[in-house]
Chemist: 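Structure incoming, see below.
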Amino acid sequence: MTFLTTGLLLASAVAMVGFSLRVSRWFTRSSFPANSAPAPERFSFRALGTALATGCRTLVLDIVLLRRTAIRSPYRFMMHSLILSGFLGLLLFHAMDDLITVHLFSGYEPTLDPWRFLRNLFGVMVLAGIAMAVIRRLRSPLLRMAAHRDDWLMPALIAGIVLSGFLVEAASIASPTIFRTMVADYLYTDHPEDIRALQGFWHETQGGPAPEQPGLMTPEDLTLGQELAEDGCFGCHAQTTSAFVSRAMVDTAPSFWSFLGTVKGDMILWYLHVILTLLGLALLPWGKFMHVLTTPANLLARKGAMDSPGPDIRNSTLTQGLALDSCTRCGECSLHCSVAPIFSVLKTREILPAEKLTALAGYGSRKGLSESEQLDFALGSRICTECLRCTEVCPAGIDLQNLWRTSKRKLVETGRGGPHREMLTDEGRARIRTLPPRQQPDTCPGLSRRPESFQACIQCSTCTSVCPVVAVSEDPTRDLDLTPHQIMNLLRMGLTDVPLTARMVWSCTTCYKCQEHCPQDVPVADILYELRNDVAGRSRS
Amino acid sequence: MTFLYFPGCRIPHHLPQYGRSVLALCDVLGISLEYPEFGCCGWPVRHESYEASMYSAVRNLAIAEQAGLPVMTPCKCCFGNLKHARAAIHSNESLRTFCAEKLAREKLPFPESTEVVHLLTVLDRYVGTAAITGNVTHSLDGLKVACHYGCHALRPAEVTDFDDPLAPTVFERVVAATGAEPVHWDLRLECCGHPLRGRDETISGALMRRKLESVRDSGAHVLATACTYCQLQFDEERIHLPAQDPLLTAPPALLVTQLLGLATGLGGGDLGLDKNRFLQTYLSY
């Protein structure tokens with residue numbers, strides 16, 4: 001077995017194992033709730049026809065033509081199209097030429113045009129696309145900050161595969177070993193003068209290895225070399241200028257390439273190219289590479305929807321797993337997120353949808369999240385306003401809205417709903433009381449700690465009598481612990497921490513009636529806001 | 001007259017009929033809108049962090065400052081928080097510095113003069129009730145409407161500068177322009193209770209009950225809202241009442257834009273009426 005076959009088998013095996021592991025995780029995400037799917041429709045040809053039509057439309061518009069990207073950003077459309085079409089071209093017509101190209105085109109030789117030219121063109125397309133992607137990430141402070149190691153390594157690997165391919169071709173053009181082998185195998189004459197003439201011509205016009213004493217080459221030699229080349233070489237070799245990238249590499253530093261030829265550089269580079277390519281194959285089910293399989297599948301599963309159809313949609317473990325693994329980490333959701341400005345103040349990365357999605361995958365996994373990761377994930381989840389924008393902009397068609405709504409529900413059920421939820425139970429209130437105080441930022445007016453704001457209170461209890469929350473309670477002391485004017489009184493007495501866990505503070509509707517009606521201009525509602533901010537600050541990681 | 005449309009976060013997914021009917025009505029009344037990409041108004045995060053809430057609001061004001069146009073929002077909570085931030089950056093020096101630095105990093109101008117108006121004010125002051133009446137093709141004569149004000153536009157009045165916080169009239173004026181008859185009801189200025197959804201369901205539900213009872217007793221046919229959250233409370237949340245609950249047949253909630261849209265001849269599709277959960281009273285009227 002050759003190195004290539006062995007490597008291919010090994011890499012495929014690794015990829016298969018990885019793929020199975022990753023897909024099996026979709027079904028072991030036990031703590032991630034799936035809603036009850038409606039009963040499948042009875043089979044009918046009409047339903048089948050509709051499904052097929054939707055599938056075809058999604059395949060063409062969303063998967064092949066990248067509609068979702070095209071309508072949002074011509075830059076990203078160009079970037080992704082370059083990588084996709086360039087890479088597919090290389091994969092189908094170059095990497096898999098034994099399986100595809102040979103059978104489709106009679107007389108196929110990788111050294112003939114258009115293949116030689118196309119290989120270079122496809123390679124340039126991929127590199128241009130990767131460069132655009134890297135520039136896009138570097139130019140956005142948010143994307144740069146949120147980038148994971150893989151977000152740099154994965155494009156680097158693709159670029160590495162293509163670059164090493166260019167180098168292999170350049171080294172082959174300039175290689176004396178390959179020239180000698182080709183002459184021995186294919187040239188009908190073995191006369192040293194003929195070979196010298198051919199090498200001279202080949203060196204002069206094709207960037208081939210230099211003959212001995214090239215200065216002594218006469219025009220007659222070159223004419224002879226050209227005749228020999230036309231008879232023996234050009235049947236299978238297009239002009240090396242067709243490989244416009246590799247040939248340019250040779251022409252830039254000819255002496256480097258001829259040196260490389262003496263140390264089997266072409267072989268070394270070929271091994272590097274093959275190893276990098278096999279590495280790419282083996283890594284297919286890991287990280288964002290997986291999106292080449294999962295994203296099209298997810299787009300098909302979404303049937304072209306760009307909104308979030310709501311709780312009636314089939315939301316199975318399978319569709320959720322697929323959705324979680326379809327993320328390409330392009331970061332568009334985070335760039336357009338309505339609460340991204342809030343992230344810029346609180347600095348918890350999980351506020352950003354792309355980072356929250358990563359946390360969500362971990363949250364549902366068997367390993368789970370650490371305590372502080374859970375706090376951050378819960379904070380990100382409760383700050384999300386469900387504005388739908390992430391779902392609308394996601395080029396992978398992930399129904400993020402649905403994921404957030406289900407995971408928020410789960411967080412609430414498991415006691416991770418945040419201070420408001422904790423305040424509803426005695427245990428929650430007891431835990432909150434144990435949290436150490438934390439300094440509020442100086443941008444906060446500090447009303448609850450500054451006597452000027454509440455010392456004017458004369459305990460007239462107007463705030464309490466206009467409060468709609470107090471009004472709907474039969475027994476405010478039982479239901480609310482304290483009433484607004486009692487809270488103001490505690491603050492006057494310097495007992496600032498006492499009302500922090502009073503239900504009145506947490507069941508305030510923020511209607512501002514108390515503040516509007518206060519005859520002494522005490523900012524009652526704003527003070528209650530601050531008390532909640534105080535606890536929220538203590539609850540964050 | 002051109003405004004920057006600030007829908008707020010809850011309209012696109014949770015109350016699309018409000019967005020749709022605002023756009024349709026503005027088109028009819030000749031209000032032109034622009035659609036910059038705003039962020040969250042900051043109100044939902046106000047419980048969590050004042051600083052984050054204020055910056056989120058101020059950044060929106062800065063986007064408007066850059067566009068040089070006033071902001072129009074149909075949501076009372078967005079309106080209230082944007083107005084609060086607008087006042088706070090002038091009274092709170094450290095907040096002002098904090099926001100100015102962050103905005104500079106995003107190359108956004110500091111919002112010295114951005115105007116924020118609520119949809120009702122636009123209808124009343126910029127369009128004018130006479131112009132609304134002029135566009136009425138299907139007079140709502142005989143329809144009794146209970147107007148629900150929404151807290152965050154009314155109070156604190158020194159910040160919101162919306163209407164008289166104790167005796168507002170703007171909503172009734174706008175509704176009366178359609179030929180409908182605004183009715184007085186006891187709890188018209190009280191909270192709908194929605195801010196407590198997800199925080200204290202019991203009290204939120206009790207507040208909703210009291211208000212629906214008050215509307216029913218007023219003899220109104222419909223309850224008109226002009227706020228995303230109020231409408232969600234009286235429409236979307238009401239469906240969770242137990243079957244046979246008498247309040248299920250209390251007057252249905254209709255958005256002000258849907259009401260005006262019907263009067264100006266817009267169709268149910270433009271107004272998203274199919275999304276409303278309780279329309280039977282209105283339809284049988």
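Per chain, numbering begins at 1; letters A, B, ... match sequence-line order.
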Chemist: Which atoms of B/L196 are under 4.5 Å from chain A, going by heavy atoms: the side chain, the backbone, both sets, or neither?
Modeler: side chain

Chemist: Looking at CD of B/E48 and NE2 of A/H420, how far apart are the two atoms once the value is rounded to the nearest 0.5 Å?
Modeler: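 It is 9.0 Å, given to the nearest 0.5 Å.
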
Chemist: Is it the side chain or the backbone of A/D534 that comes within 4.5 Å of chain B heavy atoms, both, or neither?
Modeler: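 When you check distances to chain B, no heavy atom of A/D534 falls under 4.5 Å.
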
Chemist: Examine distances only and state if a side-chain atom of B/R199 and a backbone atom of A/L424 form a donor-acceptor pair shorter than 3.5 Å.
Modeler: no

Chemist: Under a 4.5 Å heavy-atom cut-off, does chain B meet the side chain of A/D442, its backbone, both or neither?
Modeler: both

Chemist: Looking at every heavy atom in both B/L154 and A/E516, which two are closest together, and how far apart are they?
Modeler: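 Closest pair (atom of B/L154, atom of A/E516, distance): O-OE1, 4.2 Å.
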
Chemist: Counting only non-hydrogen atoms closer than 4.5 Å, does A/E530 touch chain B with its backbone (N, CA, C, O), its side chain (CB onward), both, or neither?
Modeler: neither

Chemist: Does atom CD of A/E474 have more than 12 heavy-atom neighbours from other groups under 6.0 Å away?
Modeler: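 12 or below, so no.
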
Chemist: Is a side-chain N or O of B/N92 found less than 3.5 angstrom from the main chain of A/C444, in a donor-acceptor match?
Modeler: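 Absent.
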
Chemist: Side chains of A/R405 and B/H13: any donor to acceptor distance under 3.5 Å?
Modeler: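 There is such a pair between these side chains.
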
Chemist: Please list, in residue-number order, every residue in residues 72-88 of chain B that has a heavy atom less than 4.5 Å from any heavy atom of chain A; write 'none' if there are none.
Modeler: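 Those residues of residues 72-88 of chain B which have a heavy atom under 4.5 Å from chain A are B/H84.
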
Chemist: The criterion is side chain to side chain contact (heavy atoms under 4.5 Å, CB included); which residues satisfy it with A/E422, sequence neighbours excluded?
Modeler: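 A/E422 satisfies side chain to side chain contact (heavy atoms under 4.5 Å, CB included) with A/R431, A/I432 only.
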
Chemist: Under the side chain to side chain donor-acceptor pair (under 3.5 Å) test against A/T510, which residue among B/H152, B/R46, B/R155 passes?
Modeler: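 Result: among B/H152, B/R46, B/R155, B/H152 is the only option passing the side chain to side chain donor-acceptor pair (under 3.5 Å) with A/T510.
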
Chemist: Applying a criterion of heavy atom separation less than 4.5 Å, what residues of residues 96-104 of chain B form contacts with chain A?
Modeler: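 Against chain A, the residues of residues 96-104 of chain B that fall inside the cut-off (heavy atoms, under 4.5 Å) are B/F98, B/K102.
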
Chemist: Which bit of A/R540 comes within less than 4.5 Å of chain B, counting heavy atoms only: side chain, backbone, both or neither?
Modeler: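 Side chain of A/R540 only, per the 4.5 Å heavy-atom cut-off to chain B.
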
Chemist: Does atom CZ (A/R478) have a neighbourhood of more than 12 heavy atoms from anything else shown, all under 6.0 Å?
Modeler: yes

Chemist: Flag the pair B/I203 / A/L480 as yes when at least one side-chain heavy-atom distance between them is below 4.5 Å, and no otherwise.
Modeler: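 Result yes, sub-4.5 Å side-chain heavy-atom pair found.
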
Chemist: Does any N or O in the side chain of B/H47 come within less than 3.5 Å of the main-chain N or O of A/A536, such that one atom is a donor and the other an acceptor?
Modeler: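 Not confirmed, B/H47 side chain does not pair with A/A536 backbone.
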
Chemist: Working to the nearest 0.5 angstrom, can you tell me the gap between B/Y229 OH and A/T509 OG1?
Modeler: 14.0 Å

Chemist: State, with a plain yes or no, whether a side-chain heavy atom of A/C511 is found less than 4.5 Å away from one of B/E190.
Modeler: no

Chemist: If only atom types and distance count, is the side chain of A/N533 paired as donor or acceptor with the main-chain N or O of B/Y50 below 3.5 Å?
Modeler: yes

Chemist: Listed by residue number, which members of residues 340-353 of chain A have a heavy atom under 4.5 Å from any heavy atom of chain B?
Modeler: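 Checking residues 340-353 of chain A against chain B gives A/P341, A/I342, A/S344, A/V345, A/L346, A/K347.
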
